[in-house]
Amino acid sequence: MSTRPKLSVALFGILAIAAVAYGVWYELLGGVKPAAAAAQSAASQAAAKIPVTSFVVKKADFPVRAYGLGVVSPFKTVTVKSRVDGQIIKVFFKQGQMVKEGDPLLEIDQRPFTAALEQAVAKKAQDEANLRNDRLNLERFQKLAKQQFETQQNLDTQQALVDQMIAQVKGDEAAIDNAQTNLGYTSIKAPISGRTGFRLVDPGNIVHAADTTGIVTIAQLQPIAVQFTEPEEQLQAIDKAFDAGEVPVEALTSDGTRTLSQGRLVVMDNSVNQATGTISLKARFDNKDNALWPGLSVTTRMLIDTRKDVIVVPQDGVQHGPSGLFAYVIGDNGKVSARPIKVSQSGDANAVVSEGLNVGDRIVVAGQSRLFDGALVEEAPAAAPMADASATATPATSGTKSGTKTGTKTGSAD
């Protein structure tokens, strides 16, 4: 038997299966040829709108602020010492207690000083009695001298005795004042208002005026100070703001996430530290809630200028590309275009655009990862208004969204 008919049948079966498979594939593609299907898919993707968040460009005041690092220190610190020698018999304060100026802190045994005062008073009384007697004798000598019954020498001697006793009485008065002062020193009072530290001497101990350790330290917390530094490049701007009036300073946590207290600049150092290239400053804070504590490390934020009526946009709308900074601007047709911009200053949340944007432009502030020039977008206004312009301003530098925390300076970022 010939094999040709068998081969024909097999070939026919293969062709039939191929035809059926092609038909199924063709139906699944909706009757479109492969090249046309790819083109249609690309067109469909191009026509899809990309969801983004938009922001309408506007003008606002932009405060320029300078960051610094500082340490909280007491506005005043006093080490309480005894001014007389004696034994401590009473203590009126607790360690760590807030005290007011004039509050009694402790008492030293007063008996020796009371006795010294009484002795000085008695000595004065004795000398006053002698003075009265000498004055009476002087009057007698003066009368006798007029009648030529007493010599001038004796009269002068008696006058000298009176003058001597007058000086003696004045010395007694000074001794009384000294004794009263020493007696007053036995009651030690708070020289300033503040918080006491650890007590260094317990009741029953003998203290001396020559002791160097002291009895307790009082630190003034209300008000309190923060000493911080700023780079020397900011010296002129800070000095100008300081001369113009009050310079607000905020004390934040060391990571800069939370404001602890608000105060004002009170002191600028008279020289720049050449080793660090910084200038030291001191700010005063009322600290009514005791949020600041001596030794606490803080971040400072100081307002040194305010730029009026400038174009301010969220910093999220500023993009970085190979050619510099740009922003995606939404056109009336719903398509975006990448427009080059220049940023003169930037802050934690906002940026000042000096070139490239106009008031009323709509820019993309979220969803830029899928965008390209000419992309069709579906925009939604920002859920919240632009962050308060009080955000800290930092230098605008190419390739970064925010500057360092060492200060601010005006410049152009291309």
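For reference, positions follow the sequence shown, starting with 1.
- Among pairs with a residue in residues 319-340, those fulfilling salt bridge (Lys or Arg N to Asp or Glu O under 4.0 Å) read R339-D361, at least two apart in sequence or across chains.
- Between R140 and L136 there is a side-chain heavy-atom pair separated by less than 4.5 Å.
- No side-chain donor-acceptor contact under 3.5 Å links E150 to the backbone of L144.
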Check against side chain to side chain contact (heavy atoms under 4.5 Å, CB included), I50 and E378: CA-CA 6 Å; I50 301 174; E378 181 179 357; over 6 Å; no
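- Cation-pi check for R362 over F55 is not met; the charged atom does not lie both under 6.0 angstrom from the ring centroid and within 45 degrees of its normal.
- We find that R301 and E250 are joined by a salt bridge, their nearest charged nitrogen and carboxylate oxygen being less than 4.0 Å apart.
- The closest side-chain heavy-atom distance from L357 to V329 is below 4.5 Å.
- Considering all non-hydrogen atoms of both residues, A251 and L292 come closest at CB-CD2, 4.1 Å.
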Solution key, residues 96-112 side-chain donor-acceptor pairs under 3.5 Å, sequence neighbours excluded:
residue: Q97; atom: OE1; partner: K94; partner atom: N; Å: 2.8
residue: D103; atom: OD2; partner: K100; partner atom: N; Å: 2.8
residue: D109; atom: OD1; partner: R111; partner atom: N; Å: 3.3
residue: D109; atom: OD1; partner: R111; partner atom: NE; Å: 3.1
residue: D109; atom: OD2; partner: R111; partner atom: NE; Å: 3.4
residue: D109; atom: OD2; partner: R111; partner atom: NH2; Å: 3.0
residue: Q110; atom: NE2; partner: T186; partner atom: OG1; Å: 3.4

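- The distance from atom CD1 of I224 to atom OG of S73, rounded to the nearest 0.5 Å, is 7.0 Å.
- Distance check, rounded to the nearest 0.5 Å: CZ of F92 to CD1 of I188 gives 10.5 Å.
- Across all non-hydrogen atoms, the minimal contact from V272 to G277 is CG1-C, 4.2 Å.
- Checking side-chain atoms of S82 against main-chain N and O of V84 turns up a donor-acceptor pair under 3.5 Å.
- You'll find the side chain of T77 reaches within 4.5 Å of the side chain of T217, heavy atoms only.
- In this model, no donor atom of one side chain and acceptor atom of the other lie less than 3.5 Å apart for N154 and Q158.
- With rounding to the nearest 0.5 angstrom, the CD atom of E355 is 10.5 Å from the CD1 atom of I311.
- Across every non-hydrogen atom of S254 and T299, the tightest pair is O-OG1, 3.0 Å.
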Side chain to side chain contact (heavy atoms under 4.5 Å, CB included) evaluation trace for L281 with T229: CA-CA 6 Å; L281 308 168; T229 58; over 6 Å; no
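- Between the side chain of D269 and the backbone N or O of I279, no donor-acceptor pair lies under 3.5 Å.
- Residues satisfying the side-chain contact (heavy atoms from CB on, under 4.5 Å) test with K81, not counting sequence neighbours, are T79.
- Proximity of E230 to T278: side-chain heavy atoms (C-beta onward) are nowhere separated by under 4.5 Å.
- For residues 184-209, the set of pairs meeting the salt bridge (Lys or Arg N to Asp or Glu O under 4.0 Å) definition, not counting sequence neighbours, comprises R199-D202.
- For the atom pair CD of Q274 and CD of E232, the computed distance is 9.0 Å after rounding to the nearest 0.5 Å.
- The number of heavy atoms from other shown groups lying within 6.0 Å of CD (Q142) is above 12.
- Between the side chains of D156 and Q152, at least one donor N or O sits under 3.5 Å from an acceptor N or O.
- Q345 is listed as a side-chain neighbour of V64, based on a closest heavy-atom distance under 4.5 Å.
- Between the side chain of N182 and the backbone N or O of A179, no donor-acceptor pair lies under 3.5 Å.
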Can you list, pair by pair, the side-chain donor-acceptor contacts under 3.5 Å of residues 237-244, counting residues two or more places apart and other chains?
none

Residues 365-377 side chain polar contacts: donor-acceptor under 3.5 Å, at least two apart:
residue: Q368; atom: NE2; partner: D316; partner atom: O; Å: 3.0
residue: Q368; atom: NE2; partner: V364; partner atom: O; Å: 3.1
residue: D373; atom: OD1; partner: A338; partner atom: N; Å: 3.0

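- A 4.5 Å side-chain heavy-atom check between L69 and T300 finds every atom pair outside the cut-off.
- In this structure the side chain of V226 reaches within 4.5 angstrom of the side chain of V298, judged on heavy atoms.
- Side-chain atoms of D172 and Q126 form no donor-acceptor pair, as typed in the model, at a separation below 3.5 Å.
- Of the possible polar contacts, one joining the N287 side chain to the L221 backbone as a donor-acceptor pair under 3.5 Å is found.
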Derivation and outcome, side chain to side chain contact (heavy atoms under 4.5 Å, CB included), residues V57 and I363: CA-CA 7 Å; V57 176; I363 64 172; 3.9 Å; yes
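- Judged by distance alone, with hydrogens and angles left aside, the side-chain atoms of Q315 form a donor-acceptor pair with the main-chain N or O of N350 at under 3.5 Å.
- Q164 contributes atom CD, which lies 11.5 Å from atom OG1 of T157 (distance to the nearest 0.5 angstrom).
- Inter-residue side-chain proximity for P191 and V80 is flagged as met; some heavy-atom pair is nearer than 4.5 Å.
- The line from CE of M165 to CG of D134 is 6.0 Å long, rounded to the nearest 0.5 Å.
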Stepwise side-chain hydrogen bond (donor to acceptor under 3.5 Å, both in side chains) test for N290 and Q222: CA-CA 8 Å; N290 287 326; Q222 298 174 350; 3.2 Å; yes
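- Closest non-hydrogen pair, L260 versus D289, comes out as O-OD2, 4.5 Å.
- Between V249 and L265 the shortest heavy-atom distance is CG2-N, 3.8 Å.
- No hydrogens or angles considered: nothing links the side chains of R83 and T181 as a donor-acceptor pair under 3.5 Å.
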M302 vs Y67, side chain to side chain contact (heavy atoms under 4.5 Å, CB included): CA-CA, chis, key distance, verdict: CA-CA 7 Å; M302 179 170 55; Y67 273 121; over 6 Å; no
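- Checking T253 against D255 by side-chain atom types alone, a donor-acceptor pair falls below 3.5 Å.
- When all heavy atoms of D85 and A209 are compared, the pair lying nearest together is OD1-N, 2.8 Å.
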